[in-house]
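Here the structure comes first, spelled out in structure tokens, and everything after it is commentary.
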Protein chains: 2
Amino acid sequence: MQLRNQVEWALHCCGLLAGLPEGRRLSTKSLADFHGVPKEYLSKALQALSTAGIVEGSLGPAGGYRLAKPPSAVSFLDIVEAVEGRRRTFACTEIRRNNPCRATDTCDMAPCTIARVMWEADEAWRERLRATTLADLAAMLGAEIPAETLRKVAAWVGARS
Amino acid sequence: MQLRNQVEWALHCCGLLAGLPEGRRLSTKSLADFHGVPKEYLSKALQALSTAGIVEGSLGPAGGYRLAKPPSAVSFLDIVEAVEGRRRTFACTEIRRNNPCRATDTCDMAPCTIARVMWEADEAWRERLRATTLADLAAMLGAEIPAETLRKVAAWVGARS
DNA sequence: TTATTGTGGATATTTGATATCCATAAGGAT
DNA sequence: ATCCTTATGGATATCAAATATCCACAATAA
Ligand code: SF4
Ligand code: SF4
């Protein structure tokens, strides 16, 4: 039960895009170089973010990606769901249908207790991810990363956007 | 990002075992028949539960599994972790190490903000699963399942344990 | 003795994650 | 106009994990 590695990449890319000066963009190649991940595969994650309306891409030289919304309007959950999908972690295959003791005519029963508990746990997970936005992330990163590093990142981004 | 189907099977089996009369056991074959799942594969899940100390098996005819603890001492989380493992859903591959702007000598940094948020979400998920035990499940099932069905299940179990 | 059961190892099969490649259209620079 | 760079999306290869089966073995009750 593990999230795709694309989720980690997508979160990092969004974190970087959130700090981008107004009007600037970063290309897939730049984002891949910065994080040391394969460009072609990262591209799939960025396309998923684009489809979900979290980032928007533009073509041509000087093209690339930028956030489609203000950082405070993009939650971790938005990003995770865009890349990972919205399926629940607990898949109910209705094995109770095979139960030899069940009445055969009770067809459309409500989801059973077991499934409900598992789905509530999923919802608790999502609720936590909904609670943190890219704006929150930027604030935390600003407090944790050495000023020296932040300066170098800004310079690097400035040169490639 | 999906839990193994063994998780669903294990939860159902534990639910059934929780209602077992004192001293009785159910074999892998019976549990597989009841739920309509492959016996050999279900066996792996039961072995995981046994290793985790949640159920205990005994050999020979009239052998089989029973709970190793009172139902109130077994949480959903215990069962899920026994079958699925304890890895976190978010695997941090430390891609920040590839960041061209990072100081090369900052080696043992704390887990970054992104990883912390993801892990807190995992913890919220686990917390919810820790909060419900097999005793809770039994109470809920008793309230939801028709008395007629409960009676038939008891008869079926009685005949095979 | 015999039939039944859990345990655990080996292994096959299927699915999904990971990764690469290429064709295409669009935009900016010259 | 031309050329280079870019995002988009389809096709496909590669690899790991989930799913499933089979068998050898020891323990145990009848
Ligand atoms: S009893 Fe619940 S968890 Fe099990 S198969 Fe039915 S709905 Fe799913
Ligand atoms: S920045 Fe955080 S999530 Fe990303 S690789 Fe480092 S520890 Fe992991």
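Proteins come first, then strands; the chains are lettered A, B, ... in the order of their sequence lines, and each starts at number 1. Every value quoted in this text rests on a predicted model; they were computed, and no experiment measured them.
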What I'd like to find out is whether the side chain of A/Leu150 reaches to under 4.5 Å of the side chain of A/Val153, using heavy atoms alone.
no
What integer distance in Å separates A/Leu46:CG from D/dT8:P?
8 Å
B/Arg96 bridged to A/Glu8 by N-O distance under 4.0 Å:
no
Nearest-Å distance, CG (A/Leu42) to P (D/dT8)?
12 Å
How do A/Arg4 and B/Pro61 order along DNA chain C: which one's closest nucleotide is nearer the 5' end?
B/Pro61
Would B/Arg24 and B/Arg66 count as a side chain to side chain contact (heavy atoms under 4.5 Å, CB included) if you check the C-alpha gap in whole Å, the side-chain angles of each, and the deciding distance to 0.1 Å?
CA-CA 7 Å; B/Arg24 299 296 191 86; B/Arg66 70 177 173 204; over 6 Å; no
Checking contacts here: which listed nucleotide (C/dA26, C/dA17, D/dT8) is nearest the side-chain heavy atoms of A/Gln47?
D/dT8
Provide, to the nearest angstrom, the distance between the OH atom belonging to A/Tyr41 and the P atom belonging to D/dA16.
13 Å
Categorize A/Ser43 for me: base, sugar-phosphate, or nothing, with a 4.0 angstrom heavy-atom threshold over every strand shown.
base
Tell me whether A/Glu120 contacts the main-chain N or O of B/Arg128 through its side chain, where contact means a donor paired with an acceptor under 3.5 Å.
no
On the side chain of B/Lys44, is there an atom forming a donor-acceptor pair with the base of C/dG6 - under 3.5 Å, no angle test?
no
Among the nucleotides D/dA7, D/dT8, D/dA18, whichever has the atom closest to the side chain of A/Ser50 is D/dT8
Expressed as a whole number of angstroms, how long is the span from B/Gln2:CD to C/dT15:C1'?
12 Å
Atom pair distance, as rounded to whole Å: NZ in B/Lys39 and P in C/dT5:
8 Å
Using only heavy-atom distances, determine whether the side chains of B/Arg160 and B/Ser30 contain a donor-acceptor pair under 3.5 Å.
yes
Taking only the side-chain heavy atoms of A/Leu59 (C-beta and beyond), determine which of C/dT20, C/dA19, C/dA26 contains the nearest atom.
C/dA26
Closer to the 5' end of DNA chain D via nearest nucleotide, is it B/Ser58 or B/Glu84?
B/Glu84
Rounding to a whole Å, what distance do you find between B/Leu3:CG and C/dG16:P?
15 Å
Looking at the side chain of B/Tyr65, which of C/dA19, D/dT6, C/dG6 is the nearest nucleotide?
C/dG6
Counting only side-chain N and O atoms of A/Asn5, is one of them less than 4.0 Å from OP1 or OP2 of C/dT18?
yes
Base of C/dG6 paired with side chain of B/Lys29 (donor-acceptor, under 3.5 Å)
no
Separation of C/dG9 atom P from B/Glu40 atom CD, nearest Å, is 16 Å
Measure CE/B/Met1 against P/D/dA17 and give the value in whole Å, please.
17 Å
